[in-house]
Amino acid sequence: MSEKEQRRMIIHFVDGSKKTLEFPQQVADSDATAAAKLKEALEARHLVLEAEGALLVIPFENVKYIQSYPAPKKLPSGVIKGASFKD
C-alpha cells in the first residue's frame, strides 16, 4: 500500500493517555458520501474499529479529541478549514 493511501489516527483520552493507529484509506477521495459517513460516525457517539484481529468500541465519553491524518477531502458542512495552531 502506498504512503498516500495510509492514514493515521491519534486518539487522545481524557485520562491523558493516547493511542496511535495506522490504517489504509477507507473511503475513496472521490466518494460523494464521504462527508455524510464522517457525520454519521460522529453522531454514533462511539468509535468502532478493527485492529490486529480485535474489535474495539471506544465511547466518545472517554475521548478528549481525535487527530486524523491526512484530513479527508470531503468534510461535513460547518467544518472550519485551513486553521493552524498558534500555541
* To do: Taking all heavy atoms of Arg8 and all of Phe23, pick out the closest pair and write down the distance.
  => C-CE2, 4.1 Å
Can you give me every donor-acceptor pair (side chain of residues 76-85, partner residue at least two apart or in another chain, under 3.5 Å) with its distance?
none

* Is there a chain of hydrophobic side chains (I, L, V, M, F, W, Y, each step under 4.5 Å between heavy atoms) that links Ile10 to Val63? -> no
* Is there side-chain contact between Arg7 and Gln26, with at least one heavy-atom pair below 4.5 Å? -> no
* Take Lys18 and Lys64, measure what side-chain contact (heavy atoms from CB on, under 4.5 Å) needs, and give me the verdict at the end. => CA-CA 10 Å; Lys18 64 183 177 180; Lys64 187 173 182 181; over 6 Å; no
* Structure fact -> When rounded to the nearest 0.5 Å, the distance separating CD of Glu43 from CZ of Phe60 is 10.5 Å
* Structure fact -> In terms of heavy-atom contacts, Leu47 and Met9 come closest through CD2-SD, 3.9 Å
* With rounding to the nearest 0.5 Å, note down the distance linking OG1 in Thr20 to NE2 in His12. => 7.5 Å
* **Atom of Phe13, atom of Lys19 and distance for their closest heavy-atom approach** => CE1-CB, 4.0 Å
* **Single-linkage hydrophobic cluster Leu49~Leu42, side-chain heavy atoms < 4.5 angstrom** => yes
* Asked: Is Tyr65 reachable from Leu56 through a run of hydrophobic residues whose side-chain heavy atoms are each under 4.5 Å from the next?
  -> no
